[in-house]
Amino acid sequence: MTQKTVAEILIETLIAAGVTRICGVVGDSLNGILEEIRRSNKIKWIGVRHEETAAFAAGAQAHLTGELAVCAGSCGPGNMHLINGLYDCHRSRVPVLAIAAQIPSQEIGSNYFQETHPDQLFRDCSHYCELISHTSQVPRVFEIAIQTALTSKGVAVVAIPGDIALQAANYRKPSAAIKACHPVVSPSEDEVQQLATLLNKGNAVTILGGAGCAGAHSQLMELAGKLKSPIVSALRGREHIQYDNPYDVGLTGLIGFSSGYHAIMAADTLLMLGTDFPYTQFYPEKATVIQVDRRGENLGRRTRIDLGVIGDVKATLSALLPLIDEKKDGAHLQRFIDNYQDVRKGLDELAVGHPGHKPMHPQYVAKIVDELAAEDAIFSCDVGTPTVWAARYLTMNGKRRLLGSFNHGSMANAMPQAIGAQLAFPGRQVVTFSGDGGLSMMMGDLLSLHQHKLPVKIIVFSNSALCFVELEMLAAGILGAGTELVNPDFVALARSAGMFAVRVEDPADLKPAVSEAFQHDGPALVEAVVNRAELSMPPTIKLDQAVGFNRWALKAVLNGRGDELIDLAKTYLFR
Ligand SMILES: Cc1cc2nc3c(=O)[nH]c(=O)nc-3n(C[C@H](O)[C@H](O)[C@H](O)COP(=O)(O)OP(=O)(O)OC[C@H]3O[C@@H](n4cnc5c(N)ncnc54)[C@H](O)[C@@H]3O)c2cc1C
Ligand SMILES: Cc1ncc(C[n+]2csc(CCOP(=O)(O)OP(=O)(O)O)c2C)c(N)n1
């Protein structure tokens, strides 16, 4: 029987699965694999400065393409650095394979130099996590890992001791191409009928749509038209729902719009479509709740439901539409469309910049970037206030994409995700909304932009604080501590990393600076110095003033201005 090394078989299996790049950091336990990558000429190694970047970059690539993406780390600390990014990929349910090199096989169990147990460490952030301890396991384990990542949508991890990667194994041809597959899940006729009956009964139906609405835009519009339903989006659903949508009433949630919140609370029937919107306080207590999701285990896990249907949104709505009676009364819809317009107007009024008025409003920065960015730009936003600005001010149009660490909620995701996005789509404009805290957390990989000639545009919302947490502290009624940031000269830093860079303090200079950055043929950074206290209360408050403060802060968050009371006193942005 023909023999090839385990590393050779791995690379051949990956090529058969359509993989063209692997992001990671080298280490001698990965040497055998690196050598095969080099020899293959079909897979490109993308060396980054931190393995977490590699995992986030792979996740972004998988999110945007739906295809398998791969990252790798060397043994022990090398692959442990992948872990936070892999949690994000897994939570976002994007197909990512992580290759975790392991210490020499004969040393396992001896507390050897760099010894960890990746087969245990990664279990919680993967669907499949196995150690190759014998050459006869390949290519089967590689193929199962890829299949699992693609079909269960999430992370698979294969741990390979460096010595085993170099050993010869019996060779067979890779299985028939393992590629992303999209089986359609359709509910039974009976289930569709139950769905129709409940929806036909409702007098004020609101739809809450999420990421599962991808590819179902026209069915969603038709359904909302028949039901006269406002459509509220969950954040991961924005890019798929909030365009060409006359029923759009914005997001709900603490960083959403009050129109979205009220449209759900005032409904007698809430239809959840492909959403796992996590914040339980924002679900209605009395309405009839119906949920459609392709994963049965997600039904009813955020709120009590009256009917749960397992199915793809598109397939379910296609079967449902002929059974829906067109509603006559459009008052419920109109009420929240009007409300949305008011809220939108209010938010737009906050997004202004007057020459000479410093510091700039971050909303103004977001709005200008939105205006100047390409029709098909890919945005990524850091966890922190950049997520708020992206949620409220970036216009989606069906071509633009929006990435974030929305489910895992990890800081410092935006630039690493932008790396993956730009690698996957070299011809598209990729723009980050970065926090100064987020950018500095993973700052080393600014160097990767220049090294790999990735023309990513970084917009830094420079507020010299971990602002979002400051806000959370206010919301919790406590006085902040530990949120101050003493920043470097980001412009000097970016220039030394081979980037175009400019700092903007005056609103008058913002448009030219962003335009220049966008036109620059290479990576660019705009440091926008913005108001730190934008969403928060008086900049200085004394301890006794903090009592009862949480209500104020929460309503300020909810509608960006603080002129509407919504009693969510027990709600926190993060726990
Ligand atoms: C700082 C910060 C603040 C945030 N604040 C808010 C906020 O105020 N409002 C907000 O909305 N979000 C907010 N988020 C994001 C929030 O945590 C969730 O990530 C988001 O609400 C989830 O959106 P989703 O339901 O669309 O996506 P997911 O959580 O990914 O859920 C998608 C669901 O659709 C299902 N599905 C997938 N494909 C299909 C299909 N084809 N057919 C049927 N079902 C399918 C999946 O099984 C899953 O259950 C915030 C995040 C951060 C970081
Ligand atoms: C890895 C990680 N550490 C800490 C947190 C808690 N956290 C959430 S947002 C945030 C502040 C983000 O600061 P920055 O990037 O400067 O953005 P800002 O909110 O100031 O605009 C922190 C510390 C987190 N979500 N992830």
Side-chain angles (χ1 to χ4, degrees), residues 52 63 84-85 87-88 91-94 153 182-187 208-216 232-241 250-257 260-261 272-279 282 291-299 301-302 309-317 362 381-392 404-415 433-442 460-473 482-485 487 530-532 534-535 557-558 571 573-575:
E52 183 171 322
H63 177 94
N84 187 48
Y87 263 97
D88 185 79
R91 288 241 166 97
S92 302
R93 288 177 303 271
V94 291
K153 302 219 189 304
H182 306 285
V184 176
V185 182
S186 299
L208 172 64
C213 292
V232 181
S233 301
L235 187 49
R236 293 195 78 221
R238 264 203 88 200
E239 57 176 349
H240 309 295
I241 298 172
L251 265 72
T252 183
L254 279 171
I255 70 169
F257 299 68
Y261 172 81
M272 296 169 63
L273 294 175
T275 178
D276 195 24
F277 175 76
Y279 311 113
F282 290 85
Q291 186 177 5
V292 177
D293 201 291
R294 66 175 291 147
R295 286 179 182 76
E297 67 272 25
N298 287 8
L299 294 174
R301 76 170 175 178
R302 303 300 178 200
V309 172
I310 300 176
D312 281 337
V313 173
K314 186 174 180 176
T316 308
L317 297 196
C381 58
D382 265 340
V383 165
T385 65
T387 299
V388 183
W389 313 134
R392 293 180 174 175
S405 179
F406 296 141
N407 286 354
H408 185 47
S410 171
M411 265 175 86
N413 57 293
M415 189 256 289
F433 274 20
S434 297
D436 43 8
L439 184 69
S440 48
M441 193 177 259
M442 294 292 286
V460 191
F461 288 78
S462 192
N463 51 27
S464 297
L466 301 169
C467 214
F468 197 77
V469 176
E470 219 157 56
L471 188 69
E472 288 175 313
M473 288 174 172
T483 55
E484 191 79 26
L485 294 177
N487 278 331
V530 295
N531 188 10
R532 169 173 176 174
E534 195 64 31
L535 287 171
V557 178
L558 196 65
T571 307
L573 294 163
F574 277 91
R575 278 154 219 275

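Atoms within each ligand, like the ligands themselves, are counted from 1 in listed order.
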(request) Please check if the side chain of Asp382 supplies one atom and the backbone of Asn413 the other of a donor-acceptor pair under 3.5 Å. (result) yes

(request) State, yes or no, whether a side-chain contact exists between Leu317 and Leu273 at a heavy-atom distance under 4.5 Å. (result) yes

(message) Side chain or backbone, does Thr275 bring an N or O within less than 3.5 Å of an N or O on ligand 1?
(response) yes

(request) Examine Val292 against ligand 1 and note whether any of their N/O atoms are separated by less than 3.5 Å. (result) no

(request) Report yes or no: does Thr252 have a heavy atom closer than 4.0 Å to ligand 1? (result) yes

(message) Within the 4.5 Å heavy-atom criterion, are Thr387 and Leu235 side-chain neighbours or not?
(response) yes

(message) For atom 34 (O) of ligand 1, tell me which residue out of Ala234, Gly215, Gly210, Gly274 has the closest non-hydrogen atom.
(response) Gly274

(request) For Phe468, counting its heavy atoms only, list the atoms of ligand 1 lying under 4.0 Å from any of them. (result) 1 (C)

(message) Suppose I only count heavy atoms of Asn407 and a 4.0 Å limit; which atoms of ligand 1 are within that range?
(response) 18 (C), 19 (O), 22 (C), 28 (P), 29 (O), 30 (O)

(message) Tell me the nearest of Arg302, Arg392, Gln291, Arg236 to atom 23 (O) of ligand 1, using heavy-atom distances.
(response) Arg236

(request) Report yes if some N/O of Phe468 lies less than 3.5 Å from some N/O of ligand 2; otherwise report no. (result) yes

(message) Does any N or O of ligand 2 fall below 3.5 Å from an N or O anywhere on Gly437, backbone included?
(response) yes

(message) Counting only nitrogen or oxygen atoms and a 3.5 angstrom limit, does Gly209 reach ligand 1?
(response) no

(request) Decide yes or no on side-chain hydrogen bond (donor to acceptor under 3.5 Å, both in side chains) for His408 and Asn84, but give the supporting numbers first. (result) CA-CA 9 Å; His408 185 47; Asn84 187 48; 2.8 Å; yes

(message) Below 3.5 Å, N or O to N or O, backbone or side chain included: is there any such pair between Gly384 and ligand 1?
(response) no

(request) Answer yes or no: does an N/O atom from Arg295 fall short of 3.5 Å to an N/O atom of ligand 1? (result) yes

(message) Tell me whether ligand 1 is touched by Arg238 - counting only heavy atoms on the residue side and a distance under 4.0 Å.
(response) no

(message) So for Phe282, does at least one of its heavy atoms come nearer than 4.0 angstrom to any atom of ligand 1?
(response) no

(request) Nearest heavy atom to atom 16 (C) of ligand 1 wins, so pick from Tyr261, Phe277, Phe257, Phe406. (result) Phe406

(message) Between Arg392 and Ile255 (side chain of the first, backbone of the second, donor and acceptor by atom type, cut-off under 3.5 Å), is there such a pair?
(response) yes

(request) State the atoms of ligand 2, each with its element, that fall below the 4.0 Å cut-off from a heavy-atom position in Ala465. (result) 16 (O), 20 (O)

(message) I need the minimum non-hydrogen distance between Pro386 and Ser434, along with the two atoms involved.
(response) CG-C, 3.8 Å

(request) Can you see which heavy atom on Val530 is nearest to which on Pro362, and at what distance? (result) CG1-CA, 3.8 Å

(request) Evaluate side-chain contact (heavy atoms from CB on, under 4.5 Å) for Arg301 paired with Gln291, printing each intermediate quantity in order. (result) CA-CA 10 Å; Arg301 76 170 175 178; Gln291 186 177 5; over 6 Å; no

(message) For Asp436, give me all partners under side chain to side chain donor-acceptor pair (under 3.5 Å), at least two apart in sequence or on another chain.
(response) Asn487

(request) Report yes if some N/O of Ser410 lies less than 3.5 Å from some N/O of ligand 2; otherwise report no. (result) no

(request) Look only at interatomic distance and state if Val383 has a nitrogen or oxygen under 3.5 Å from any nitrogen or oxygen of ligand 1. (result) no

(message) Please enumerate all residues that pass side-chain contact (heavy atoms from CB on, under 4.5 Å) together with Thr483, with sequence neighbours excluded.
(response) Leu466, Val469, Glu470, Met473, Arg532

(message) Counting only heavy atoms not in Lys314 (residues, nucleotides, ligands), do more than 12 fall under 6.0 Å from its NZ?
(response) no

(message) Show the atoms of ligand 1 that are less than 4.0 angstrom away from any heavy atom in Asp312.
(response) 40 (C), 41 (N), 42 (N), 43 (C)

(request) Report the C-alpha separation of Tyr261 and Val232 in whole Å, then their side-chain angles, then the decisive distance to 0.1 Å, and conclude whether the side-chain contact (heavy atoms from CB on, under 4.5 Å) test is met. (result) CA-CA 8 Å; Tyr261 172 81; Val232 181; over 6 Å; no

(request) Using distance alone, determine whether Ser405 and ligand 1 share an N or O pair under 3.5 Å. (result) no

(request) Please check if the side chain of Thr275 supplies one atom and the backbone of Phe277 the other of a donor-acceptor pair under 3.5 Å. (result) yes

(request) State whether the shortest distance between N or O atoms of Val383 and N or O atoms of ligand 2 falls below 3.5 angstrom. (result) no

(request) Kindly indicate, with the supporting measurements, whether the criterion side-chain hydrogen bond (donor to acceptor under 3.5 Å, both in side chains) is fulfilled by Asp88 and Ser410. (result) CA-CA 7 Å; Asp88 185 79; Ser410 171; over 6 Å; no

(request) Looking only at distances, please establish whether an N/O atom of ligand 1 is found under 3.5 Å from an N/O atom of Leu235. (result) yes

(message) Suppose I only count heavy atoms of Pro386 and a 4.0 Å limit; which atoms of ligand 2 are within that range?
(response) 17 (O), 21 (O)

(message) Does any N or O of ligand 1 fall below 3.5 Å from an N or O anywhere on Leu254, backbone included?
(response) yes

(request) Could you pull out the closest heavy-atom pair between Phe468 and Val388, with the gap in Å? (result) CE1-CG2, 3.8 Å

(message) Using a 4.0 Å cut-off to any heavy atom of Gly311, which atoms of ligand 1 qualify?
(response) 42 (N), 43 (C)

(message) If you compare all heavy atoms of Ala412 against all heavy atoms of Met442, which two are closest, and at what distance to 0.1 Å?
(response) CB-CG, 3.4 Å

(request) For ligand 2, find out whether one of its N or O atoms is nearer than 3.5 Å to an N or O atom of Gly384. (result) no

(request) Pull out every atom of ligand 2 sitting under 4.0 Å from any heavy atom of Gly409, numbered as shown with elements. (result) 24 (C), 25 (N), 26 (N)

(message) Using the rule given for side-chain contact (heavy atoms from CB on, under 4.5 Å), can you reason through Cys381 versus Phe406, listing the C-alpha separation, both sets of side-chain angles and the distance that settles it, and then say yes or no?
(response) CA-CA 9 Å; Cys381 58; Phe406 296 141; 3.7 Å; yes

(message) Tell me the closest heavy-atom pair linking Val383 and Ser405, and the distance in Å.
(response) CG2-O, 3.6 Å

(message) Side chain or backbone, does Val469 bring an N or O within less than 3.5 Å of an N or O on ligand 2?
(response) no

(request) Give yes if a backbone or side-chain nitrogen or oxygen of Ala211 is under 3.5 Å from a nitrogen or oxygen of ligand 1, and no if not. (result) yes

(message) Considering both backbone and side-chain atoms of Gly438, is one of its nitrogen or oxygen atoms within less than 3.5 Å of a nitrogen or oxygen in ligand 2?
(response) yes

(request) Check each heavy atom of Lys314 against ligand 1 and say whether those closer than 4.0 Å belong to the side chain, the backbone, both or neither. (result) neither

(request) Measure from atom 35 (C) of ligand 1 to every heavy atom in Val309, Val184, Val185, Asp293 and give the option owning the shortest one. (result) Asp293

(request) Take Arg294 and Lys153, measure what side-chain contact (heavy atoms from CB on, under 4.5 Å) needs, and give me the verdict at the end. (result) CA-CA 12 Å; Arg294 66 175 291 147; Lys153 302 219 189 304; 5.7 Å; no

(message) With nothing but distance in play, are any N or O atoms of Asn463 less than 3.5 Å from an N or O of ligand 2?
(response) yes

(request) May I ask whether Asp382 has any heavy atom positioned less than 4.0 angstrom from an atom of ligand 2? (result) no

(message) When you measure from the heavy atoms of Ala216 to every atom of ligand 1, does any distance fall below 4.0 Å?
(response) no

(request) Could you tell me which atoms of ligand 1, counted from 1 in the order shown, lie closer than 4.0 angstrom to a heavy atom of Gly256? (result) 8 (O)

(request) For Val184 and Ala315, work out which heavy atoms get closest and say how close. (result) CG1-CB, 3.6 Å

